[in-house]
Structure formats: structure tokens, C-alpha cells
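Hydrogens, waters and symmetry mates play no part in the numbers below; they use all other heavy atoms, side chains included.
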Amino acid sequence: MTHSSHIVQFTYLQALDLLTTIAFLLNGVVEGNPMVRWSMAVAPDPVSGLFAVKAAAVGLGLYCLRVGKEKLLSRMNIFFAALVAWNLVCLIASSQ
């Protein structure tokens with residue numbers, strides 16, 4: 001896998017996490033991450049706060065790529081893939 005594909009995957013997973021978080025919010029679930037919750041509270045609207053957090057995450061991903069921390073970025077991809085899968089399982093389970 002090329003180094004640039006790690007950041008593409010990371011960005012894609014950030015977008016999926018953002019979408020599943022919005023789905024949770026639309027279903028009345030409170031954000032579990034205190035830092036994200038704070039960002040949503042201080043932003044003009046919750047979605048802007050989410051976008052800010054995700055933009056910062058992608059910026060950190062780009063920094064990891066630039067300083068040679070591809071292994072860390074790869075591990076973060078595994079974490080966020082599992083997180084998105086978990087979010088989807090929870091959304092599906094709550095829809096019954």
C-alpha cells in the first residue's frame with residue numbers, strides 16, 4: 001500500500017464517522033467524545049463543530065504522513081474502521 005493511500009483511507013473514514021455521528025444526533029444520541037461535544041457546543045451549529053474536528057483530524061493525518069508516521073496512520077485507520085462499523089451496528093440495532 002502506498003503512503004498516500006493511508007491518508008485517502010483516513011480521510012474517507014473521517015467522512016464516514018462524521019456521517020454516522022450526524023445520524024446518531026438525528027436520532028437523539030448525545031456525542032460520547034467530550035472534545036467533540038465541546039466543539040459542537042461552541043460552534044455556530046453542531047455540524048460545523050463536527051466538520052472542524054474532522055478537518056483537524058485530517059490535518060493531523062497529513063502531519064503524520066509528512067513526518068513519516070505512516071504506521072500510526074495505518075493503526076488509526078483500523079481504529080476508525082472499527083468505530084464506523086460499530087456505529088453502523090448501533091444504528092441498525094436501534095432502528096428496530
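Annotation for Phe10 and Gly61: closest pair CE2-CA, 4.1 Å, computed over non-hydrogen atoms. Among all heavy-atom pairs drawn from Met35 and Asn33, the shortest one is N-OD1, 2.8 Å. Nearest heavy-atom pair across Val58 and Gln14 is CG2-CG, 4.2 Å. Minimum interatomic distance between Val84 and Leu13 (heavy atoms only, all atoms of both residues): CG2-O, 3.9 Å.
Membership of the apolar cluster around Val53 extends to Leu18, Leu19, Ile22, Leu25, Leu26, Val36, Met40, Val47, Leu50, Phe51, as traced through chained side-chain contacts below 4.5 Å between ILVMFWY residues.
We find the CG-CG distance between Leu88 and Leu16 to be 7.5 Å, quoted to the nearest 0.5 Å. To the nearest 0.5 angstrom, Leu65 atom CG is 9.5 Å from Ser5 atom OG. Taken from CD1 in Ile7 to CG in Asn77, the straight-line distance is 8.0 Å, to the nearest 0.5 Å. The structure places CG of Leu72 at 4.5 Å from SG of Cys64, a figure rounded to the nearest 0.5 Å.
The backbone N or O of Glu70 sits nowhere less than 3.5 Å from a side-chain atom of Ser74 that would complete a donor-acceptor pair. Between the Asn27 side chain and the Leu91 main chain, no donor and acceptor come within less than 3.5 Å of each other. The main-chain N or O of Gly49 is found under 3.5 Å from a side-chain atom of Ser39 such that the two form a donor-acceptor pair.
Clustering ILVMFWY residues whenever any of their side-chain heavy atoms sit less than 4.5 angstrom apart, transitively, puts Leu83 in the very cluster that holds Met76. In terms of hydrophobic clustering, with Ile, Leu, Val, Met, Phe, Trp and Tyr side chains grouped at heavy-atom distances under 4.5 Å, Trp86 and Phe80 are assigned to different clusters.
Proximity of Gln9 to Tyr12: side-chain heavy atoms (C-beta onward) are nowhere separated by under 4.5 Å.
The number of heavy atoms from other shown groups lying within 6.0 Å of NZ (Lys54) is above 12.
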Given Phe24 and Ser94, is the side chain to side chain contact (heavy atoms under 4.5 Å, CB included) satisfied, shown in steps?
CA-CA 10 Å; Phe24 275 128; Ser94 69; 5.8 Å; no

Start with the C-alpha gap between Asp45 and Ser48, add the side-chain angles, then the distance that decides, and say whether side chain to side chain donor-acceptor pair (under 3.5 Å) holds.
CA-CA 5 Å; Asp45 60 88; Ser48 295; 2.8 Å; yes

